[in-house]
Every structure is written in structure tokens, then in C-alpha cells.
Visitor: 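I'd like to ask some things about the structure below.
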Amino acid sequence: MIDAREPASNRRVWGVAGLVEAISQSLAERFSVVVVGGEITGFTRAASGHCYFCLKDADGQSASLRCAMFRRAAAMLDFSPGEGLLVEVRGRVAVYEPRGELQFVVEAMRRAGAGSLYEQFLKLRARLAAEGLFDAASKRALPVHPRRIGVITSAAGAALHDVLTALARRAPHVEVVVYPSPVQGAEAPPALVQALRTANARAEVDVLLLVRGGGSLEDLWAFNDERVVRAVASSTLPVVCGVGHETDVSLCDLAADLRAPTPTAAAELAAPARDALLQQLAALERGLALRLDHRLQSLGQRLDRLALRLARPSDALARQRRRLELLAQRAAAAPGRRLELHRQRLEHLGPRQQRAAAELLRRHAVRLDGLQARLQALDPQHVLARGYAWLDDGRGGAITSVQALQPGADVRAVLVDGSAELRVLGVVPSPQG
């Protein structure tokens, strides 16, 4: 109650926006980042990608916390939030100022109780991937036209009904063999492993479908059991795994030869549609009939041509007679023609031979003139005619150096028109010598 007697100057009157802002700042300082666990209710996803919902305690308490998860944070979720799901959210407390309402801005979300299981899932996936259990190279192709399909699932589950319904609608000609096994709980992993071993040992089917309906991470955990994953990877039969819904991914999905988003999709992937196969057969039948008709027409036309040729043997005899006459004419004319060709060749070769002989003589004459000119250039008489003399020791040995002369020695000088006997009076070596 406001005391009217109190001076107005001593009272502080808050504006609505100022009070809301002050409350918001106080909450931000008191609760910076907190984690809240609860059950989702009233979940909606706006066209913008933002998510809005309320959290309430799972024990039925009436308290409710309005939450907002904006598009960027929602895009990082690895599951789809929904009504009644227990989650843990991390974020900050704030006040939505336009309405003055308390709200929780969610920055991250995970399923409640699934954190430790999810960590186990990630660690086991990394270890098995390092061993090569998920390699694409090890995946086998499914049979194109299976005659018998094996189904490993719970005999009382909805997944078996979905698979049988899809196969009956899609491929009623394919036989189905069911290997029943629990798909949830502690007894599920060894039972699934035994079912896989039994199917491989019997080898009575062409492909295996490992399926079950959707559920939480705990419900699907049997398909993340290492024993089951290794059994799927080592199966000699191709395995199609369809566990949960489209957003659920198990380790068996990664180890299988093909992953299907749902059990129904697994059945559709394993068996081709009967109607589509019948349409293909009909198309092949039409094509075969057309080709056979074309072939028969072609053979019929050929037969007609052969029949016409056999019907008139005189035409064949006349053609052979004309050919023989032509060959006889060619044989008779062949000797004369051959002689004429030789005569023409000789007439053509005669002038060519004369021209070749004349050209050869001319070349020899030119060569002879060249040799004669070279010989004259090397004739010593031409050198002596220019005033030179040739000295020898009287016995024909040439003297080319003063080192071979001594005073008083007799030498002979050969000139262009004769020779002279000489006696050496003295020897004067060249200064360069």
C-alpha cells in the first residue's frame, strides 16, 4: 500500500520496461549458464527453424518453464525432440521483455539418461571403424532376384508385420523365413547373434533382413552391442538392416551391407516389385517378338531369292557358258598380247639404253679430265720449269736439309732440262734452324 503522506521525492517509481530489464539483468547475473532436466510438452517448430516448448518435471509437479531454442542450436541436434521426451537442456535464464515472461534460452539439448550410452556408442563406433568393419569396400551387393528372404526380428513385433505386409504387396512370389529373436533387453544381443549364425549355417535364404521398430536409444541398444555388430559384419549372407525410424542410426546399420531407414524400406530394398518385373518381362517379350518377326521375314526373303535361282538352272548354265567363252577368248589372245607387250617394252628400253651409255661415257670423260689435271698439277717437271732444282746424293736419295751436307761432298742437281754434278764448298745453316 502506498503511503500518501510519504513525500513523492522519497519514492522511486519504476517504469515497466526498466523493471523488466532490471529483473532480466539480475537473473543473468544469478543464473549465467545452467542445466535443467525435464519432460518436453507443447513442442512446436516454427517455419524459421526456431523451436518453442515447455519443460516440466517428470514426477508430475505443476511447475513449467517456457523454453526457446533458436535455429542455430536446433540444427546441431542429433535427434528429433518430441512431446513427452525426457531431456537435459543447457542455457540461460532470461525474460521475454515484450510480455514480461520468464523463459529459458536453450543452447544445447540431449536425451536424459542417454549421455553415457551415447558416449559408449561413439567410442565403440570409432574402435570398430578403425578395424575396418564399416568399410564400403567390404559391402556386398544384394541379389537382384532373391527367391527366399530371411527376417530376423521379434515374432510379436510390429516390424515383422510391416515386413510381411510389404513383401506380400511388393513381391508375393518371394518366400519368407523368419528367425525369431528378442530385439530389446539383456537377452536380445546373444539371441540376435544366434539367429544370424543359424541363418548362415542353414544357407536357405538369399538375403537377411535385420529389423525392428523405433524407440529410444536404450530400446535400440541391442543393435549397438559389439557382439551383434561383429556377427552382422561376418555374415556370409548379405544383410539389410532396418532398425528404428529414419533418424535412428545404429552400429548394425553401419556394419550391414545396406541400411534401410525403416523395416518396410528394408523389405522394399531387398525384393524388387513384382509389377515392375512383370513390366520388364512384357517389354522383353515384345522386343523378342519383334526381332523374331524381323528375322523370319529376312529369312523368308532370302528363301524366295534362292527359290528363284533354283527355279531357272538354265540361267546359271548360260552365265557359266558366257564366262567360259570369255576365258577362252582371253586365253587365245594372251600369247600375242604378251609378245606385243615385250616388243613395246624393248622399243622403249632401246633409246633409254643408248641415252644411259652416252651419259656414262660423258661422266667417265669428265672424270678422266679431272684426274689428268690433278696429275699435271703434281708433275715435278712443272716445278723445275719455274727455276727450281732438285738435289740428291747421286744415288737417287733426296737432300732436303743442310744437315745432310758436308763441305767437299759431291751432289747432283736435277734441272728441267738435265742434271749437273756439284761439290759442296761450305754449309751455312739458316739462323732459324
Side-chain angles (χ1 to χ4, degrees), residues 136-151 163-177 199-200 202-209 235-240 242 256-260 264-349 352:
S138 62
K139 307 297 183 185
R140 291 158 298 187
L142 302 185
V144 180
H145 301 292
R147 294 174 298 175
R148 190 177 290 112
I149 293 178
V151 182
V163 169
L164 294 178
T165 302
L167 290 177
R169 167 181 51 82
R170 186 177 180 84
H173 60 284
V174 176
E175 298 181 22
V176 180
V177 179
N200 280 277
R202 293 181 182 176
E204 57 190 345
V205 297
D206 300 313
V207 62
L208 283 174
L209 305 184
S235 172
T236 56
L237 296 171
V239 178
V240 180
D257 298 294
L258 184 64
R259 175 186 178 264
T264 301
E268 293 175 349
L269 290 172
R274 180 174 180 270
D275 294 341
L277 293 178
L278 291 177
Q279 292 177 4
Q280 292 179 7
L281 287 175
L284 291 174
E285 182 183 10
R286 291 192 297 270
L288 182 60
L290 290 174
R291 296 187 64 180
L292 181 60
D293 183 66
H294 181 268
R295 179 65 173 167
L296 289 176
Q297 290 183 5
S298 177
L299 292 175
Q301 293 174 1
R302 182 183 178 189
L303 184 61
D304 292 341
R305 290 194 298 270
L306 292 175
L308 290 174
R309 292 174 61 183
L310 290 176
R312 303 181 62 182
S314 58
D315 293 343
L317 291 176
R319 286 195 299 272
Q320 294 294 335
R321 186 182 299 109
R322 288 194 298 270
R323 183 181 180 188
L324 289 175
E325 292 174 355
L326 179 61
L327 291 175
Q329 293 175 1
R330 292 175 62 184
R337 177 62 179 169
R338 189 175 183 84
L339 291 175
E340 178 64 20
L341 290 175
H342 282 299
R343 185 185 63 78
Q344 292 177 358
R345 183 180 181 186
L346 289 175
E347 290 178 354
H348 178 68
L349 291 176
R352 290 182 59 188

Visitor: Take atom NE2 of His173 as the centre, draw a 6.0 Å sphere, and report whether it contains more than 12 heavy atoms from other residues, nucleotides or ligands.
Guide: yes

Visitor: Any heavy-atom pair between the side chains of Arg147 and Asp206 that's under 4.5 Å?
Guide: yes

Visitor: Quick check for you: to the nearest 0.5 Å, what is the distance between Arg259 atom CZ and Leu269 atom CG?
Guide: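 Answer rounded to 0.5 Å: 11.0 Å.
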
Visitor: Can you name the closest pair of heavy atoms from Glu204 and Arg148 and give their distance?
Guide: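 Looking at all heavy atoms of both residues, the shortest contact is O-NH1, 2.7 Å.
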
Visitor: Out of curiosity, Leu164 CG to Arg169 CZ, how far, rounded to the nearest 0.5 Å?
Guide: 12.5 Å

Visitor: Taking the side chain as every heavy atom from C-beta outward, state whether Ile149 and Leu209 have any pair of such atoms under 4.5 Å apart.
Guide: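 With C-beta onward as the side chain, the pair touches.
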
Visitor: For Ala166 and Thr264, work out which heavy atoms get closest and say how close.
Guide: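 Looks like CB-CG2, 4.0 Å.
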
Visitor: Looking at CG of Leu292 and CG of Leu296, how far apart are the two atoms once the value is rounded to the nearest 0.5 Å?
Guide: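 Atom-to-atom, Leu292:CG and Leu296:CG are 4.5 Å apart.
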
Visitor: Take Arg295 and Leu299 through the side chain to side chain contact (heavy atoms under 4.5 Å, CB included) test and state the conclusion after the steps.
Guide: CA-CA 6 Å; Arg295 179 65 173 167; Leu299 292 175; 4.0 Å; yes

Visitor: Run the salt bridge (Lys or Arg N to Asp or Glu O under 4.0 Å) test on Glu347 and Arg343 for me, step by step, so that the C-alpha distance in whole Å, both residues' side-chain angles and the decisive distance to 0.1 Å come before the verdict.
Guide: CA-CA 6 Å; Glu347 290 178 354; Arg343 185 185 63 78; 2.3 Å; yes

Visitor: For Val205, which of Val177, Asn200, Val176 qualifies under side chain to side chain contact (heavy atoms under 4.5 Å, CB included)?
Guide: Val177

Visitor: Of all the heavy-atom pairs spanning Ala199 and Leu208, show the shortest one and how long it is.
Guide: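 Heavy atoms of Ala199 and Leu208 come nearest at CB-CD2, 3.6 Å.
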
Visitor: Taking all heavy atoms of Ala141 and all of Pro238, pick out the closest pair and write down the distance.
Guide: O-CG, 4.1 Å

Visitor: Let me confirm one number: the CG-CD distance from Asp293 to Gln297, rounded to the nearest 0.5 Å.
Guide: 4.5 Å

Visitor: Taking atom CD of Gln301 and atom CG of Leu306, what is their separation to the nearest 0.5 Å?
Guide: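 Between Gln301 CD and Leu306 CG, I get 12.0 Å after rounding to 0.5 Å.
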
Visitor: Identify the two heavy atoms, one from Ala171 and one from Pro272, that lie closest to each other, and give their separation to 0.1 Å.
Guide: CB-O, 3.7 Å

Visitor: Measuring from Leu237:CG to Leu142:CG, what's the distance to the nearest 0.5 Å?
Guide: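 Reported value, rounded in 0.5 Å steps: 11.5 Å.
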
Visitor: If we ignore hydrogens and angles and just use 3.5 Å, is the side chain of Arg140 paired with the main-chain N or O of Asp257 as donor and acceptor?
Guide: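 No; zero donor-acceptor contacts below 3.5 Å.
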
